[in-house]
Amino acid sequence: MPATTRRIGTCTEPATTLVEGRSQIDGGLAYGPLETLVYACDEHGHTARTEWIAPTLTPFTAIAEPVADRQCGDATDLT
């Protein structure tokens, strides 16, 4: 299935954080494939982890520095 992009919210500040959403496997003791990428600014980093990643996925903060050419709320679904 091809990746799809979408927008979350209305903030357009430059992204400083990339939050990955990964599937759970082995009863939640290990993590499976990367399913979602969500970019956020400093103000919305916590919101991205707690609200913008689906509750069925486990969020991981991957980058905590400026992310070139991405805005807060940019999201990519990989599955």
Side-chain angles (χ1 to χ4, degrees):
M1 176 182 244
T4 57
T5 58
R6 60 189 167 97
R7 290 277 311 142
I8 301 170
T10 58
C11 181
T12 57
E13 290 296 312
T16 57
T17 301
L18 168 60
V19 180
E20 300 177 345
R22 293 187 173 268
S23 298
Q24 294 183 5
I25 58 173
D26 297 335
L29 300 176
Y31 302 101
L34 178 62
E35 292 194 25
T36 301
L37 301 171
V38 176
Y39 295 88
C41 66
D42 287 338
E43 182 180 344
H44 293 110
H46 179 75
T47 302
R49 286 182 57 86
T50 59
E51 296 178 26
W52 296 352
I53 297 291
T56 56
L57 302 176
T58 300
F60 292 94
T61 301
I63 298 175
E65 60 189 51
V67 182
D69 301 323
R70 297 293 183 163
Q71 296 177 325
C72 182
D74 287 349
T76 303
D77 296 316
L78 305 171
T79 58

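Side-chain contact between Thr36 and Glu20 is absent, with no heavy atoms from C-beta onward closer than 4.5 Å. Using a 4.5 Å cut-off on side-chain heavy atoms (C-beta onward), Ile8 and Val38 make contact. Between Cys72 and Pro14, every side-chain heavy-atom pair lies at or beyond the 4.5 Å cut-off.
Applying the salt bridge (Lys or Arg N to Asp or Glu O under 4.0 Å) test to every pair with at least one member in residues 69-79, sequence neighbours left out, gives these pairs: Arg6-Asp77, Arg7-Asp74. Sequence neighbours left out, not one pair with a member in residues 39-57 passes salt bridge (Lys or Arg N to Asp or Glu O under 4.0 Å).
Note on Leu78: it does not cluster hydrophobically with Ile53, by side-chain heavy-atom contacts below 4.5 Å among ILVMFWY residues. Trp52 and Val19 end up in the same hydrophobic cluster when Ile, Leu, Val, Met, Phe, Trp and Tyr side chains are linked at under 4.5 Å. Side-chain heavy atoms closer than 4.5 Å link hydrophobic residues (I, L, V, M, F, W, Y) into clusters, and following such links, possibly through other members, connects Leu34 to Leu18.
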Go through Thr17 and Thr61 one step at a time and tell me if the side chain to side chain contact (heavy atoms under 4.5 Å, CB included) criterion holds. CA-CA 7 Å; Thr17 301; Thr61 301; 3.6 Å; yes
Test side chain to side chain contact (heavy atoms under 4.5 Å, CB included) on Phe60 and Arg22 and set out the steps. CA-CA 8 Å; Phe60 292 94; Arg22 293 187 173 268; 3.9 Å; yes
Under the side chain to side chain donor-acceptor pair (under 3.5 Å) rule, what do Thr58 and Gln24 come out as? Steps first, then yes or no, please. CA-CA 7 Å; Thr58 300; Gln24 294 183 5; 3.0 Å; yes
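When the side chain to side chain donor-acceptor pair (under 3.5 Å) test is applied to Thr47, no partner is found at least two apart in sequence or on another chain.
Across all non-hydrogen atoms, the minimal contact from Thr76 to Ala3 is CG2-CB, 3.9 Å.
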